[in-house]
Q: 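Attaching a single structure in C-alpha cells format; questions to follow.
What you see is a predicted model, and the numbers here were worked out from it, not measured in a lab. FYI, side chains are in, hydrogens and waters are out, and symmetry mates aren't considered; it's all heavy atoms of this structure.
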Amino acid sequence: MPESSTFARRIIDWFEHNRRDLPWRRTYTPYQVWISEMMLQQTQMDRAVPYFERFVARFPDVHALAAANEEEVLKLWEGLGYYSRARNIARAARIVAESGGEFPRSRAELTALPGIGPYTAGAILSIAYNEDEPAVDANVERVYARVFDIDAPMAEREAKARVRELAAQLLPTGESRIYNQAVMELGALVCTPRAPRCDTCPVSEDCEARRLGIVAQRPVPGRKKDIVPLEVATGVLVRDGRLFVQKRPEGQVWAGLWEFPGGTVEAGETPQQAVVREFDEETGFTVSVREPIAIVRHGYTRFRVTLHCFLLDMADASAEPHLTAATEYRWATPRQLDELAFPAGHRKLMDLMRGDIRFTHLFRI
DNA sequence: AAATCGTGGCA
DNA sequence: TTGCCAAGATT
C-alpha cells in the first residue's frame with residue numbers, strides 16, 4: 001500500500017496540470033454538477049459537453065427544469081441515449097423544486113431521487129459540496145484495479161467493495177472535490193482501457209500491475225455478452241406533405257420518443273412484407289411499399305440493427321389509425337419533426353432522406 | 001444476480 | 001467489419 005497522502009498528492013498535482021477545461025468545472029453549482037453527472041453516466045466527456053451547454057442554457061436552474069415538459073427535455077437529450085436519464089432528471093427536478101429548491105446534501109436524500117445511484121450521489125457530494133465522500137466509477141475501478149492488482153472481475157461484489165474501501169481510505173480529507181475528479185481524469189486520459197500511458201502516470205511507481213507487467217490484464221474482464229444482429233423494417237408514410245409518426249410508450253426502449261412505425265423482420269419474411277405487416281399491427285393502416293429509401297445501420301445495447309427503410313403508400317387516405325404500440329400519433333411536417341425526439345436510427349433516416357434527391361421534395365415544408 | 005437501457009468512436 | 005467500451009441506475 002503506497003503512503004496515502006503522497007499518493008493522493010501526486011494525482012492531484014498531475015490533475016492541476018492536465019485537467020480539461022469543462023463548463024461544469026467553473027462554478028460547481030450543485031444543479032450543474034448534477035446535470036453533468038447525469039449526462040456522463042455511460043457517456044464519454046467530449047460527447048456530453050455540447051449537450052450540457054444547450055441544456056443549462058435552456059434550463060438554467062432546478063425551477064426552470066421543474067417547469068419543463070418532458071418532450072422538450074427529451075429533445076435536448078436526443079442522441080445521447082439512455083433516455084430514462086432525461087425522464088428521471090425532469091422528475092427529480094420537480095421533487096427538489098417542490099421541497100424548496102435546495103439541492104440535497106446527504107447521500108440518503110440524493111440516492112432517493114430518481115436516476116441518482118451510489119456513484120452520482122458521491123460525485124455530487126464531493127464535486128459540488130466537497131464533502132468527504134468517494135465517487136467510484138469505471139475509471140476509478142480501473143485505476144485501483146491496476147495500482148492494487150485486484151484479480152477479480154469488477155462485476156463481483158467483493159472486487160467492488162475493495163475498490164470502494166480503497167477510495168474511502170485514499171481520499172484526502174477536505175479535498176474530495178479535486179481528488180475524485182483527479183482519479184477519474186487520470187483513468188480517462190492516462191490509465192485508459194487500451195494502450196495506457198504508464199510513462200506519464202504520476203503513480204506508476206506505486207502500480208502493482210505495472211510492476212508485474214500485467215497492466216493489460218487489469219481490470220479482469222467480465223463475461224462478455226453476445227451482440228445480436230437484428231433485421232428491422234420501418235416505413236415512412238406521407239399524406240398531404242405530412243409524415244406519420246407515433247410516440248413510444250413507457251416501459252420499453254426509447255420510451256417517450258417518436259418513431260416511424262415498424263418492427264423486426266421475422267423468419268421467412270422479406271423486409272417489405274415485414275413493414276406492411278407491422279403497419280397493420282401497430283396502426284391498422286393497410287399500406288404498400290412505393291420504393292426503398294435506404295438501409296441504416298445502428299446499434300443499441302446488445303443489438304446491431306440493420307434498418308430497412310421504405311417509402312409507403314396508403315390504401316385508404318382517409319383511414320384513422322388504431323394504435324397498439326404507441327400512446328399518440330401525429331401527421332407531422334418535416335419542420336415539426338425537427339421539434340420531436342427520435343431514436344438515432346430514425347433521425348439518421350430523416351437526414352438521409354433530406355440529402356437524397358429522390359426525397360428532398362418531401363422535406364420542403 | 002443478471003438483464004436492460006443508446007450511441008458513437010476506436011482499433 | 002466486428003467487438004469493446006464509456007464519470008451507472010434500475011429492476
Q: With rounding to the nearest 0.5 Å, note down the distance linking OG1 in T29(A) to CD1 in I127(A).
A: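 So the gap between those two atoms works out to 12.0 Å.
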Q: My understanding is that a hydrophobic cluster links ILVMFWY residues whose side chain heavy atoms are under 4.5 Å apart, including indirect links. Using that, what else belongs to the cluster containing V287(A)?
A: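 Cluster partners of V287(A): L237(A), F244(A), V275(A), V276(A), F279(A), F285(A), V289(A), F310(A), L312(A), M314(A), L323(A), Y329(A), W331(A).
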Q: Checking R58(A) now: which residues fulfil salt bridge (charged side-chain N to carboxylate O under 4.0 Å, His left out) with it, not counting sequence neighbours?
A: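 For R58(A), the residues satisfying salt bridge (charged side-chain N to carboxylate O under 4.0 Å, His left out) (neighbours in sequence not counted) are E72(A).
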Q: Keeping to residues at least two apart or across chains, list the salt bridge (Lys or Arg N to Asp or Glu O under 4.0 Å) pairs with something in residues 295-324 of chain A.
A: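 Checked against salt bridge (Lys or Arg N to Asp or Glu O under 4.0 Å) - neighbours excluded - the pairs reaching residues 295-324 of chain A are R290(A)-D313(A).
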Q: NZ of K348(A) to NE2 of H298(A): how many Å apart, nearest 0.5 Å?
A: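 It comes to 6.5 Å.
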Q: Under 4.0 Å, heavy atom to any atom of DNA chain B: which of residues 72-92 of chain A qualify?
A: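 Here the set is G79(A), L80(A), G81(A), Y82(A), Y83(A).
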Q: Is there any ring-ring contact (aromatic ring centres under 6.0 Å, His included) pair reaching into residues 86-143 of chain A, and which pairs are they, with sequence neighbours excluded?
A: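 Every pair satisfying ring-ring contact (aromatic ring centres under 6.0 Å, His included) with a residue in residues 86-143 of chain A: W34(A)-F103(A).
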Q: So how far is it from T333(A) OG1 to L337(A) CG, rounded to the nearest 0.5 Å?
A: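 So the gap between those two atoms works out to 6.5 Å.
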Q: Any residue in residues 29-46 of chain A with a heavy atom nearer than 4.0 angstrom to DNA chain C? Just list them by number, or reply none.
A: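 Nucleic-acid contacts, sorted: E37(A), L40(A), Q41(A), Q42(A), Q44(A), M45(A).
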Q: Starting from I214(A), walk the hydrophobic network (Ile, Leu, Val, Met, Phe, Trp, Tyr; side-chain heavy atoms closer than 4.5 Å) and list everyone else you reach, by chain and number.
A: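 Traced through the cluster, I214(A) reaches L212(A).
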Q: What distance, rounded to whole Å, do you find between the two P atoms, one in dA7(C) and one in dA3(B)?
A: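 So the two P atoms sit 23 Å from each other.
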Q: What is the first contacted nucleotide of DNA chain C and what is the last, in 5' to 3' order, if contact means an atom lying under 4.0 angstrom from a heavy atom of chain A?
A: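 Range of nucleotides within reach of chain A: dT2(C) to dT10(C).
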Q: Pick the C1' atom in dA1(B) and in dA9(C), then give their distance to the nearest Å.
A: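 Comparing C1' positions in dA1(B) and dA9(C) gives a spacing of 15 Å.
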Q: In residues 295-305 of chain A, what residues come within less than 4.0 Å of DNA chain B, judged by heavy atoms?
A: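 Hits under 4.0 Å, by residue number: G299(A), Y300(A), T301(A), R302(A).
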Q: Using the closest heavy atom to pick a nucleotide of DNA chain C for each, name whichever of R20(A) or T111(A) lands nearer the 5' end.
A: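 This one resolves to R20(A).
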Q: What residues form a side chain to side chain contact (heavy atoms under 4.5 Å, CB included) with R94(A), not counting sequence neighbours?
A: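 Here the qualifying residues are A66(A), A90(A), R91(A).
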Q: For F52(A) and F55(A), I'd like to know if the aromatic rings sit close, meaning centre-to-centre distance below 6.0 Å.
A: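 Here the rings of F55(A) and F52(A) have centres that are no less than 6.0 Å from each other.
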Q: Throw together a table of side-chain donor-acceptor distances under 3.5 angstrom for residues 225-235 of chain A, partners on residues two or more places apart or in other chains.
A:
unit_1	atom_1	unit_2	atom_2	d
E231(A)	OE1	H308(A)	NE2	2.6
T234(A)	OG1	F260(A)	O	3.1
T234(A)	OG1	P261(A)	O	2.8

Q: Which side-chain N or O atoms in residues 147-156 of chain A pair as donor and acceptor under 3.5 Å with protein atoms at least two apart or in another chain?
A:
unit_1	atom_1	unit_2	atom_2	d
D149(A)	OD1	R218(A)	NE	2.7
D149(A)	OD1	R218(A)	NH2	3.3

Q: Which part of the nucleic acid, if any, lies within reach of R25(A) when heavy atoms closer than 4.0 Å are counted: base, sugar-phosphate only, or nothing?
A: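 Base contact.
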